[in-house]
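In listed order, ligands and their atoms are each counted from 1.
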Amino acid sequence: MNALLNADLHCHSVVSDGTLTPEALAERARANGVELWALTDHDEVGGQHRAAAAAKAVGMKYLTGTEISVTFADITVHIVGLGFDPDHPALVQGLKRTRGGREERAREMADGLAKVGIQGAFEGALQYVGNPDLISRTHFARHLVESGVCRDTNEVFRKFLTEGKPGFVPHRWAQLGDAVRWITEAGGLAVIAHPARYDHNPTREYALFTEFKAHGGRGVEVVTGSHTAAEYVKYADMAIEFGLAASRGSDFHSPDESHCDLGKLPYLEGRLTPVWELLADRIQ
Ligand code: AMP
Ligand code: MN
Ligand code: MN
Ligand code: MN
C-alpha cells in the first residue's frame, strides 16, 4: 500500500467526545470512500472491538487507535496510538489513570463558569456525555451552544474554555514517555497528533519531536483536518528531517461541528513513508 490510500486514522465516537457511534462512523467512512480506518477516542480503547467489527461488516480495513492526552512543557499535546493490542494491560491501566480526575476538573470548570453567571454547567455538560469517565471540554461546549450562551463551539472555546478564560482548568495528563511506551509495549506505533495546533515556539517544537523520537515515537500527522495546505508541507519536511512516518486523519467529531468529514482529505505526498506501511501486519 502506498501513499495514495484513502486512510483516515483519526476520529472520535460517543466513547469519547464524538457524537456518532463506532458503527455509524464506520458506515460514514465507508460511504466516503475510506479504505483504511482507525477510531481514536481520547484516552480510551473501550470502543475498539466494536469499531473493528463494524469496519469488517462494511468491508473496510481497520487499525486499532486511541489519542492520549499528554502534558509536555506545561501544555497539552496529543499522541495518537495505532495498531496496538487493545487489551494490553499496561495500555489499559495507563489510559485508566489518564482518564482519572476528569470529573473533578469538570466540577472546577463549572465553578469557574458559575462565577461569570453561567449556572448548572456541570449537569448540563453531563447530558452530552456518552462515557461517564470522559467528560471533556467538548461536552461543555455543546451544552453552552444548545442552551443559547454561544452560537457555535468555536465561540465557546474562545470565550470560556481556553487558557485564561473562566471555564479553563489546567490538568496534569500522562507523561510523553509513558504514552509512547504504553502504545509501543502493546505492539503499536505512536504518532504526534496535529502538530501545528500547539502553542509551541520553534525551540519547544524541536524539543517535542526530539524527545518523542528518543522515547520510541515513530510517526507524525501530516495531513489532518486542522492543518492548512502550508502546514501539510511544513510537517512533511519535519517528518523527513526527523525520520518519522506520516499519518493522515480527519479528526472528525460530529457532522454538525467538524469542517473536515471522514476521508475527505488530500493524499500524503509520495516522498513520505505512510504509517500504514510500518503497520502492515497490524491491519485487520
Ligand atoms: P479536553 O480533553 O477536555 O481538554 O478537551 C479537548 C477537546 O476539545 C479536543 O479534543 C477537541 O475536540 C476540543 N477542542 C479543543 N479546542 C477546540 C476549539 N478551539 N474548538 C472546538 N473544539 C475544540
Ligand atoms: Mn476531541
Ligand atoms: Mn487532538
Ligand atoms: Mn482528535
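Panel note: side chain Ser136, backbone Thr138; a donor-acceptor pair is recorded below 3.5 Å.
In summary, the side chains of Arg99 and Asn131 do not present any donor paired with an acceptor at a separation below 3.5 Å, with no hydrogens or angles considered.
When the shell of 6.0 Å around CG of Asp74 is examined, it contains 12 or fewer heavy atoms from other residues, nucleotides or ligands. Counting heavy-atom neighbours within 6.0 Å of Glu155 CD, excluding the residue itself, gives a total above 12.
One finds no salt bridge joining Lys96 and Asp133 here, because no Lys/Arg side-chain nitrogen approaches an Asp/Glu carboxylate oxygen to under 4.0 Å.
Minimum interatomic distance between Ala190 and Phe212 (heavy atoms only, all atoms of both residues): O-CZ, 3.2 Å.
Note on the Mn ion (ligand 3): protein N/O/S atoms under 2.8 Å are Glu67 OE2, His78 ND1, His194 NE2.
Residues Tyr206 and Phe242 place their aromatic rings such that the two centres sit under 6.0 Å apart.
Within His12, the N, O or S atom at minimum distance from the Mn ion (ligand 4) carries the name NE2. Looking only at its N/O/S atoms, Asp17 has OD2 as the one nearest to the Mn ion (ligand 2).
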